[in-house]
S.K.: 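The structure follows.
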Amino acid sequence: MVEKNKVVLITGSTRGIGKTIGEEFARSGYHVIFNGRKKIDETFLLQLEETYGIKTLGCLGDVSKMSDCQEIYQKVKEVFGTIDILVNNAGITKDNLLLRMTEGDFRQCVEVNLMGTFNMSKLFLKDFLKKRQGAIINMASISGVTGNSGQTNYAASKAGVIGFTKSLAKEVAGKNITVNAIAPGFIETDMTDILQENVKEQVKNQIPLKRFGLTQDIAKGALFLAESSYMTGQVLNIDGGLVMNG
């Protein structure tokens, strides 16, 4: 179990990878703050509290808007005082070939995926600096490492997250704060469920392990980074070996 009162905040955690990350931290004894743009399932939060003996909090808000992030920050301060780990997981895709992509679709990806990471990190970093302790985990993507056709907006935003991670890690390492990123490959989520079976098979054939990952794989990676005091500025590829194939 973690130290008493250790708290993690996960953005974009009402479903998929973010929700599983929250469950993994709860299982390990952390108090967990969930965030999303839609109503958070109170029954789910109560089940976590009763099962693992921890506290939870749901915070509505769009991380691409600094005003929403400030409201989240204030609510967290009122309930928990501070957090120990920030997981910047909120993200969207707006896939299309560049010539068909709208300026709005490009801008929205950058605002949610990259500016959201900036907004939340900036707000909570001052608390980490004050207590000289904390961990920030940013959700990147293999697309941000290798690029991906039809994802110039998404790949650019995630490559930005990687650059942000490495730069911030250098800024705060002397204050005992770690900053790392996770780059998932193809993970079984709502986004991969909509792919046609023949497309899924084509993708799996490009993955050395020949299968999609699970949200639990990413959650375990996030917990590992949160508890790794001597690891910072790194990008953890959880991709079944996909990045090896370029």
Side-chain angles (χ1 to χ4, degrees), residues 10-25 27 36 87-102 104-114 116-117 137-166 180-226 228 231 233-246:
I10 306 127
T11 67
S13 49
T14 57
R15 61 189 177 94
I17 289 173
K19 186 176 182 180
T20 305
I21 291 173
E23 291 176 296
E24 183 69 22
F25 274 90
R27 190 177 298 113
V87 182
N88 286 307
N89 172 73
I92 61 168
T93 57
K94 293 282 184 178
D95 296 354
N96 216 331
L97 297 175
L98 183 61
L99 289 178
R100 297 176 185 169
M101 187 178 293
T102 67
D105 285 347
F106 194 96
R107 188 180 301 279
Q108 194 174 3
C109 258
V110 172
E111 287 178 349
V112 174
N113 302 348
L114 183 55
T117 299
I137 301 161
N138 299 321
M139 201 59 64
S141 169
I142 290 301
S143 293
V145 177
T146 64
N148 194 28
S149 178
Q151 288 194 317
T152 51
N153 52 357
Y154 182 73
S157 69
K158 293 301 188 177
V161 168
I162 291 172
F164 176 93
T165 298
K166 291 177 178 290
N180 292 288
I182 296 175
F186 285 87
I187 307 299
E188 290 185 6
T189 62
D190 294 345
M191 286 192 287
T192 54
D193 285 345
I194 64 174
L195 296 175
Q196 296 180 352
E197 286 304 317
N198 64 320
V199 175
K200 288 183 181 180
E201 290 306 312
Q202 290 174 7
V203 172
K204 287 176 183 177
N205 285 333
Q206 299 173 23
I207 302 171
L209 288 181
K210 302 302 180 187
R211 61 181 174 84
F212 290 168
L214 303 176
T215 55
Q216 288 87 348
D217 295 319
I218 309 303
K220 290 180 186 301
L223 183 63
F224 165 73
L225 290 176
S228 299
M231 188 172 181
Q234 303 303 306
V235 181
L236 185 61
N237 297 329
I238 305 178
D239 64 349
L242 182 60
V243 76
M244 293 192 296
N245 289 351

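Count residues from 1 along the sequence.
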S.K.: Counting only N and O atoms by type, is there a donor-acceptor contact under 3.5 Å from the side chain of T14 to the main-chain atoms of G36?
M.R.: no
S.K.: About how many Å separate CD of E188 and CG of L214, when rounded to the nearest 0.5 Å?
M.R.: 5.5 Å
S.K.: Give me the atom names and distance for the closest heavy-atom approach of A183 to V145.
M.R.: CB-CG2, 4.2 Å
S.K.: What are the two closest non-hydrogen atoms of G240 and P208, and how far apart are they?
M.R.: O-CD, 3.4 Å
S.K.: Quick one, D217 and I187 - any side-chain contact, counting heavy atoms below 4.5 Å?
M.R.: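 Result no, sub-4.5 Å side-chain heavy-atom pair not found.
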S.K.: Roughly how far, to the nearest 0.5 Å, is the OG1 atom of T20 from the CZ atom of F25?
M.R.: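 If we round to the nearest 0.5 Å, F25:CZ and T20:OG1 are 12.5 Å apart.
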S.K.: Compute whether any side-chain donor of one residue and acceptor of the other, for N113 and S157, lie under 3.5 angstrom apart.
M.R.: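 Indeed, the side chains of N113 and S157 share at least one donor-acceptor pair under 3.5 Å.
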S.K.: To the nearest 0.5 Å, what is the distance between CD on Q108 and CG on N153?
M.R.: 9.5 Å
S.K.: Which heavy atom of K166 sits nearest a heavy atom of G233, and at what distance?
M.R.: NZ-O, 3.4 Å
S.K.: So, does S141 use its side chain to make a donor-acceptor pair with the main chain of K158 at under 3.5 Å?
M.R.: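 Flag not set: sc S141 to bb K158 has no pair under 3.5 Å.
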S.K.: Mind listing the closest non-hydrogen atom pair of L223 and E24 along with its distance?
M.R.: CD2-OE2, 3.8 Å
S.K.: Is there a side chain to side chain contact (heavy atoms under 4.5 Å, CB included) between M139 and I17 once you walk through the steps?
M.R.: CA-CA 10 Å; M139 201 59 64; I17 289 173; 4.3 Å; yes
S.K.: Looking at F186, does the NZ or CZ of K204 lie under 6.0 angstrom from its six-membered ring centre and within 45 degrees of the ring axis?
M.R.: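 No - K204 does not lie over the ring of F186 by the 6.0 Å and 45° rule.
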S.K.: Out of curiosity, I238 CD1 to I218 CD1, how far, rounded to the nearest 0.5 Å?
M.R.: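 Answer rounded to 0.5 Å: 4.0 Å.
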S.K.: Can T165 and N138 be said to form a side chain to side chain donor-acceptor pair (under 3.5 Å), step by step?
M.R.: CA-CA 7 Å; T165 298; N138 299 321; 2.9 Å; yes
S.K.: How long is the gap from OH on Y154 to CG on D105, to the nearest 0.5 Å?
M.R.: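 Rounded to the nearest 0.5 Å, the OH-CG separation comes to 15.0 Å.
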S.K.: Identify the two heavy atoms, one from M101 and one from K94, that lie closest to each other, and give their separation to 0.1 Å.
M.R.: CE-O, 4.1 Å
S.K.: Mind running side chain to side chain contact (heavy atoms under 4.5 Å, CB included) on S13 and I21 for me, showing each step along the way?
M.R.: CA-CA 8 Å; S13 49; I21 291 173; over 6 Å; no
S.K.: With no hydrogens and no angle check, do the side chains of Q151 and D95 hold a donor and an acceptor under 3.5 Å apart?
M.R.: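 Yes, because at least one side-chain N or O of Q151 sits under 3.5 Å from a partner of the opposite role on D95.
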S.K.: Within this structure, what is the OG1-CE distance for the pair T146 and M244, rounded to the nearest 0.5 Å?
M.R.: 13.0 Å
S.K.: Go through the steps for I142 and N237 under the test side chain to side chain contact (heavy atoms under 4.5 Å, CB included), then give the verdict.
M.R.: CA-CA 7 Å; I142 290 301; N237 297 329; 3.8 Å; yes
S.K.: Check the pair N88 / I137 against side chain to side chain contact (heavy atoms under 4.5 Å, CB included), numbers first and verdict last.
M.R.: CA-CA 6 Å; N88 286 307; I137 301 161; over 6 Å; no
S.K.: Evaluate the side-chain proximity of L99 to L97: yes if any heavy-atom separation is below 4.5 Å, no if none is.
M.R.: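 In short, these two side chains do not touch, never coming nearer than 4.5 Å.
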S.K.: Which heavy atom in A140 sits nearest to a heavy atom in I162, and how many Å separate them?
M.R.: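 Where A140 meets I162 most closely, the heavy atoms are CB-CG1, 3.7 Å.
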